[in-house]
Amino acid sequence: MIKQSIKKAFSILFILITLMAAGILSVSAAPAKLVVGTSADWPPFEWVDANNNFVGFEMDLMKIIAKMQGLELEIIDIGFDSLIPALQSGKVNLLVAGMSLTEERLAVADASNPYWSGNQGVMVREDSDLNIATALAGGYTVGAQRGTTQADWLEDNLVQKGVNIKSLELYETNDLGILDLVNKRIEVFVADTPAAEAFAKVNPIKIVGTINTEEDYVCYVRKGDPEGILPVINDSLAKLQLTSIWNNLANAYFVGDLNKISECYAKVSAMLEQDVEAYAENLAKCMIDK
Ligand code: ARG
């Protein structure tokens, strides 16, 4: 009797394994942990505050999504141009770095639904006389972050076309590029408009114009999404967009005073553990409060 039921169990198991191997049955994978790769040099989406916390709109979204879904979260700061390799090698399983949706990236990774969009902002020092035309074609040194759509645009449209620039300088991080702009080692720096606006709020620089590339920002996972992460991200984003959490985070980071982030995050971050709605509401209040 016992022998027979063991036999039966084995044959059922065998059938299941055969069906799975043939791809007819599949276990819907759910990730155990989100290991997020980012490039934390891009306020207001991701940067590191004075107390070494990852802060920003995208970082908070990830903390909240992990909480909502009961998933563990680890965030790793990686140079922007090393993000795709880190995904491919399995060092991380999700990229969240304001990455634009591009054909090149879709060839090697899968993307979530878009959740924000932007153009490219052309920055010069506050006291500069340059306008967008002279900045990009007046014989100056122009900078951008390596591996970004800005770097590609400048390479394709200025360098390759023989437009008059002195050189194109590519930086590992936006912070280093902004520093070189402020310190007069370069004359122009290009970054996505939301980040350019944030940089201009806290540095002696200004935006002289935009390049209208209309880019959508998405998260990327490994090609084929073997861990089943995309449905989790897309469902969570769709749900969050209908709540006050989304608006409060947008207010905190796009309207609020970014100089206050360390103070405000220290004040409210404990709420992330129990009540994400209260967290977002109080963060927005603190960041906007004069
Ligand atoms: N949106 C641009 C791109 O996808 C730049 C993103 C830069 N992000 C960052 N976290 N530094 O290439």
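Ligands are counted one by one from 1 in listed order, and the atoms in each one are counted from 1 as well. Reckoned from all heavy atoms, side chains included, excluding hydrogens, waters and symmetry mates.
- Among residues at least two apart or in separate chains, there is no salt bridge (Lys or Arg N to Asp or Glu O under 4.0 Å) pair with a member in residues 149-171.
- Residue T148 forms a side-chain hydrogen bond (donor to acceptor under 3.5 Å, both in side chains) with just one option from R146, Q150, Q145, and that option is Q150.
- Listed by chain and residue number, the protein contacts of ligand 1 are S39, D41, W42, E46, F80, A97, G98, M99, S100, R105, Q145, T148, T149, Q150, N174, D192, Y217 (heavy atom within 4.0 angstrom).
- No side-chain donor-acceptor contact under 3.5 Å links S244 and N247.
- For D60, the salt bridge (charged side-chain N to carboxylate O under 4.0 Å, His left out) test picks out K63, with sequence neighbours left out.
- Annotation: D129, atom CG; neighbour count of heavy atoms from other residues, nucleotides and ligands within 6.0 Å does not exceed 12.
- The side-chain hydrogen bond (donor to acceptor under 3.5 Å, both in side chains) contacts involving residues 93-104 comprise N93-E227, S100-E215, where partners must be two or more places apart or lie in separate chains.
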